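Heads up, the thing below is written out as structure tokens.
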Amino acid sequence: MKKLHNALLLKQITILKQIGYRYTDIKLSDLESEPIQLPNDIDSLKEIVNRCHLCQLSKTRQNIVFGEGDTQAKLMFIGEAPGEMEDRMGRVFIGRAGELLTKMIENVLELKREDVYIANILKCRPPNNRVPTPTEAISCRPYILKQISLIQPKIIVTLGATAYNYLNNDKTPISKIRGHIIKHPEYIILPTFHPSYLLRNPSAKRVVFEDLLKVKELLD
Ligand code: URA
């Protein structure tokens, strides 16, 4: 908890610095309740993310993986975190799991990958692709929330447990929540399995296919 607390305080100090403060007599306890201010355009947001040092992953990353696709897309996919290839290239979902995700978009949804927006909860790769820690995920969460508020998708498909749990602040296991339609005032979340899980468990492809058919229906 202490690390998370420190990361959040550091984030607030970074924001003050960005908006021009060189000194402040604001009590740090006052800052904790302040919402995080991020820019209202995607390119400026990307610049900020590119300079992020809010958690320890900034020390081991090769590249930030911000996300890519149509910034006006009605459909957004959110994964967990960059893998080895993504970290090396700075692009989202370009390894084996990404190839499968691209096929799902093209073959089931009959869309081009460029027509949707794809991002992750975490912008930096956890070493050896380990599951993100709560501190890492919570430090990074404002970035994905801002991406969502700028892109304004109608439907968000979360891929795997981490993406769903942190996006929706809900610890329901993915096996229970998968395929459910979760309505928010601005968008719908539809959680499904992560493509990496499908590579290890091909028999689960059938239910993901059904989930994507629901997405297609909601989009039409
Ligand atoms: N897995 C993810 O969750 N995201 C990527 O970008 C790649 C693999």
Side-chain angles (χ1 to χ4, degrees), residues 42 45-46 49-50 52 55-58 60-71 73 75-106 108-109 111-148 151 153 155-171 173-175 177-178 189-202 204-205 207-208 211-212 215:
I42 204 100
L45 179 65
K46 188 172 180 180
V49 175
N50 276 337
C52 182
C55 80
Q56 57 189 352
L57 298 182
S58 60
T60 49
R61 72 179 176 226
Q62 290 189 55
N63 283 292
I64 297 260
V65 179
F66 181 73
E68 62 190 45
D70 182 354
T71 54
L75 175 60
M76 190 165 172
F77 286 88
I78 300 182
E80 177 173 304
E84 187 185 2
M85 182 100 103
E86 290 80 12
D87 178 51
R88 207 175 329 131
M89 306 304 288
R91 289 192 55 207
V92 72
F93 273 105
I94 51 162
R96 283 184 66 223
E99 275 172 28
L100 180 55
L101 176 63
T102 305
K103 274 195 201 149
M104 285 161 24
I105 294 168
E106 290 174 352
V108 188
L109 297 174
L111 292 170
K112 293 199 215 99
R113 185 180 147 114
E114 313 83 83
D115 294 337
V116 304
Y117 195 88
I118 310 175
N120 286 309
I121 289 283
L122 253 65
K123 307 305 184 210
C124 298
R125 181 191 182 207
N128 303 316
N129 301 340
R130 63 159 169 71
V131 175
T133 65
T135 302
E136 292 158 358
I138 292 166
S139 297
C140 219
R141 193 168 178 267
Y143 298 139
I144 192 71
L145 294 181
K146 192 71 194 184
Q147 279 172 300
I148 293 170
I151 293 164
I155 302 168
I156 299 175
V157 176
T158 54
L159 302 166
T162 301
Y164 174 73
N165 295 155
Y166 286 107
L167 181 66
N168 207 31
N169 233 340
D170 172 14
K171 291 191 178 139
I174 188 68
S175 53
I177 199 76
R178 193 229 92 245
I189 300 181
L190 197 145
T192 196
F193 290 137
H194 194 286
S196 300
Y197 175 79
L198 299 183
L199 291 171
R200 296 190 304 271
N201 301 277
K205 282 184 187 172
V207 289
V208 172
D211 294 344
L212 291 181
V215 170

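One-based numbering, in listed order, for ligands and for the atoms of each. No experiment lies behind these values; they were computed from the predicted model shown. All heavy atoms count here, side chains included; hydrogens, waters and symmetry mates do not. The first residue in the sequence is number 1, and the count goes up from there.
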ask   = Looking at H194, which atoms of ligand 1 are within less than 4.0 Å of one of its heavy atoms?
value = 1 (N), 2 (C), 3 (O)

ask   = Counting only N and O atoms by type, is there a donor-acceptor contact under 3.5 Å from the side chain of Q147 to the main-chain atoms of F66?
value = yes

task = Answer yes or no: does an N/O atom from E80 fall short of 3.5 Å to an N/O atom of ligand 1?
result = yes

task = May I ask whether M85 has any heavy atom positioned less than 4.0 angstrom from an atom of ligand 1?
result = no

inquiry  = Suppose we screen for ring-ring contact (aromatic ring centres under 6.0 Å, His included). Which residues come up paired with F93, at least two apart in sequence or across chains?
reply    = H194

query = Can you tell me the protein heavy atom closest to atom 4 (N) of ligand 1 and the distance?
reply = N120 OD1, 2.8 Å

query = N/O to N/O below 3.5 Å, does that happen between F93 and ligand 1?
reply = yes

query = Between the main-chain N or O of I94 and the side-chain N or O of E86, is there a donor-acceptor pair closer than 3.5 Å?
reply = yes

inquiry  = Any salt bridge linking E68 with R91? Criterion: basic side-chain nitrogen under 4.0 Å from a carboxylate oxygen.
reply    = yes

query = Are side-chain heavy atoms of F77 and I105 found at a separation under 4.5 Å?
reply = yes

query = What residue and heavy atom of the protein are closest to atom 2 (C) of ligand 1, and at what distance?
reply = A81 O, 3.0 Å

key: salt bridge (Lys or Arg N to Asp or Glu O under 4.0 Å) involving E99 - partner list, sequence neighbours excluded   = none

request  = Within a distance under 4.0 Å of any heavy atom of G79, pick out the atoms of ligand 1 and give their elements.
outcome  = 3 (O)

